There are 2 protein chains.
Amino acid sequence: MYRRRDDRRGQMIGDITNDLRRYSVDAQHIGHAFAGLHGLNATDLQALIAVMDAELVGDPITPGRLGERLNLSSGSVTALIDRLERAGHIRRDRDTADRRKVFLHYADRGAELARSFFAPLGRRTDDVMARYTDEELEVVHRFMADMVVSMREHRDAVRAARGGPAKRATD
Amino acid sequence: MYRRRDDRRGQMIGDITNDLRRYSVDAQHIGHAFAGLHGLNATDLQALIAVMDAELVGDPITPGRLGERLNLSSGSVTALIDRLERAGHIRRDRDTADRRKVFLHYADRGAELARSFFAPLGRRTDDVMARYTDEELEVVHRFMADMVVSMREHRDAVRAARGGPAKRATD
DNA sequence: ACCAAGTATCTTGACGGGCGAGATTATCGG
DNA sequence: CCGATAATCTCGCCCGTCAAGATACTTGGT
């Protein structure tokens, strides 16, 4: 499973792989813990973030697209939105042009919750990044962007392996 | 939520933050999709990986420690192990010294499954890393390692906010 | 212009299963 | 013998999937 190479570079590659895996798992756990702390689950939190994200870009999200993004069935999405709306985190708004569509907007409750999630995280990342020069951060960014592209391709490939042809959940 | 700073460095920090978030989400989805493809769920896959991981290091894991690592209750862990054992991915072994303890070992099924999960991922990451010099990878590693430390602290802080005093799920 | 069939979007209801909480059993250490 | 530890068992909740339905838009023929 782990190809342990003896050379320095091979060692480095293995280390970075572990870093990434640990980071992902920890990020997941943080979300889970924070969500539980506020009476919702990990998916709810992700959804709330997605709703704010979309709206702040000026392009409110619909249940359908939310489902694509979180990789959830339509039924789950409705239940999910019900929960969030009931808790006062978001609200529904029918599109006036196409009245089949529903736009999701965040409410004050939700905004505050998201802020209290991101604020401490932001502080921590800022602290870490302060230790690096612009050039170094540039390298990190290039690397991570490359990795994201590669992972996304892989995700689509795995998804395509079973059912429908890999819907690109654009993020 | 997003503090949009105008300077180059602020922009960079935001970009990297997004990279990391996207990577985590995608990694999660890959695990989910791959697991579903093979008749198990995301948790099962993580557990299988943890079992192999521990055993390859020469220190087989017990249900208790597995629960800590995945952040699961004892009941869930037992059910989880039941599923994996029934599917032929792992097997239980009572410790001869302390017969309360159960050691988890991977079976051939599980080993092959894990391999088929990691192999393509490894190829992709190798492809990406090939584009970077040793020095650049060194920077990436330093950065990610720092981030992991910071995230882990944060995770423990969030967990401590509700219930028990942050059990360090050592990885 | 109108109506019917087709398509898209969201909602509903039934169902299964993972997960958590607490009690129970088996074993170890003193 | 007694408290502590490790795993398991039992029960109930709730999330997510699936299939069917409701509503709204779109298209094509007459």
Side-chain angles (χ1 to χ4, degrees), chain A residues 28-29 31-33 35-48 51 60-87 90-105 159 162-164 167 169, chain B residues 28-29 31-33 35-37 39-48 51 54 60-87 89-105 159 162-164 167:
Chain A
Q28 206 173 328
H29 283 171
H32 189 271
L37 203 59
H38 292 86
L40 25 84
N41 62 32
T43 305
D44 294 357
L45 183 62
Q46 271 190 278
L48 178 59
V51 168
I61 202 169
T62 65
R65 288 202 299 135
L66 182 62
E68 285 174 16
R69 180 142 161 189
L70 302 188
N71 199 31
L72 253 62
S73 70
S74 61
S76 304
V77 173
T78 298
L80 163 72
I81 296 173
D82 285 346
R83 288 197 299 273
L84 285 178
E85 196 173 33
R86 204 179 315 124
I90 65 172
R91 62 187 164 73
R92 287 174 160 101
D93 255 343
R94 286 264 164 203
D95 184 358
T96 50
D98 184 341
R99 293 217 307 285
R100 292 171 303 182
K101 284 186 183 173
V102 169
F103 285 132
L104 303 176
H105 302 283
R159 283 189 183 165
R162 68 169 159 188
K167 299 185 177 182
Chain B
Q28 207 174 327
H29 284 170
H32 189 270
L37 202 60
L40 25 83
N41 63 33
T43 306
D44 295 356
L45 183 61
Q46 271 189 277
L48 178 58
V51 169
I61 202 168
T62 66
R65 290 202 299 134
L66 182 61
E68 284 175 16
R69 178 142 163 189
L70 302 188
N71 198 32
L72 254 63
S73 72
S74 62
S76 301
V77 173
T78 299
L80 163 72
I81 296 173
D82 285 346
R83 287 196 300 273
L84 284 177
E85 195 173 33
R86 205 178 317 124
H89 292 307
I90 66 172
R91 62 189 164 73
R92 288 174 160 99
D93 254 343
R94 286 266 167 201
D95 185 358
T96 50
D98 184 343
R99 291 222 307 286
R100 293 171 303 180
K101 284 187 183 174
V102 168
F103 287 132
L104 303 176
H105 302 282
R159 283 187 183 166
R162 69 168 161 187
K167 300 184 176 182

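Any value given below was found using the heavy atoms of this structure, including those in side chains, with hydrogens, waters and symmetry copies removed. To find a chain, count down the sequence lines: A is the first, B the second, and so on, and within it residues start at 1. Computed from a prediction, not measured in an experiment: that's the story for all the values here.
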Here the distance between atom C1' of D:dA7 and atom CG of B:Leu104, to the nearest Å, is 11 Å
Begin with the C-alpha distance, continue with both residues' side-chain angles, and end with the deciding distance and a verdict on side-chain hydrogen bond (donor to acceptor under 3.5 Å, both in side chains) for B:His89 and B:Arg83. CA-CA 9 Å; B:His89 292 307; B:Arg83 287 196 300 273; over 6 Å; no
Atom CZ of B:Phe103 and atom C1' of C:dT27 are separated, to the nearest Å, by 14 Å
Exercise. Flag the pair A:Glu85 and A:Arg91 as a salt bridge only when some basic side-chain nitrogen lies within less than 4.0 angstrom of an acidic carboxylate oxygen.
Key: no
B:Asp95 CG to C:dA26 P, in whole Å, measures 18 Å
Atom CZ of B:Arg83 and atom C1' of D:dT8 are separated, to the nearest Å, by 15 Å
Classify the nucleic acid contact of A:Ala97 as base, sugar-phosphate or nothing, counting any heavy atom under 4.0 Å across all strands shown.
sugar-phosphate
Of the candidates D:dT17, C:dG18, C:dA21, the side chain of B:Ser73 sits closest to C:dA21
Closest of C:dT11, D:dT17, C:dC19 to the A:Ser76 side chain is D:dT17
Note to self: Using a 4.0 Å heavy-atom cut-off, does A:Gly64 contact any base of the nucleic acid, only the sugar-phosphate backbone, or nothing at all?
What the structure shows: sugar-phosphate
From CD1 of B:Ile81 across to P of C:dC19 the rounded distance in Å is 13 Å
Of C:dT27, C:dC10, D:dA7, the nucleotide closest to the side chain of A:Arg94 is C:dC10
Exactly one of A:Leu70, A:Leu40, A:Leu48 clears side-chain contact (heavy atoms from CB on, under 4.5 Å) with A:Leu80, and that residue is A:Leu70
B:Asp98 CG to C:dG30 P, in whole Å, measures 12 Å
The reported gap from CG in A:Asp98 to CZ in A:Phe103 (rounded to nearest 0.5 angstrom) is 8.5 Å
Residue pair A:Asn41/A:Arg99 against DNA chain D: nearer the 5' end by closest nucleotide is A:Asn41
Separation of C:dC19 atom P from B:Leu70 atom CG, nearest Å, is 9 Å
Out of C:dT11, D:dT8, D:dC25, minimum distance to the side chain of B:Thr78 belongs to D:dT8
note: A:Asn71, atom CG; D:dC15, atom P; distance rounded to Å ~ 18 Å
Check your understanding: Does a donor on one side chain and an acceptor on the other come within less than 3.5 Å for A:His105 and A:Arg92?
Key -> no
Picking from C:dC19, D:dA4, D:dA24, the nucleotide nearest the side-chain atoms of B:Arg100 would be D:dA4
- Touch check for B:Leu72, heavy atoms < 4.0 angstrom, all strands: base, sugar-phosphate only, or nothing? sugar-phosphate
Is any side-chain nitrogen or oxygen of A:Thr62 closer than 4.0 Å to OP1 or OP2 of C:dT9? no
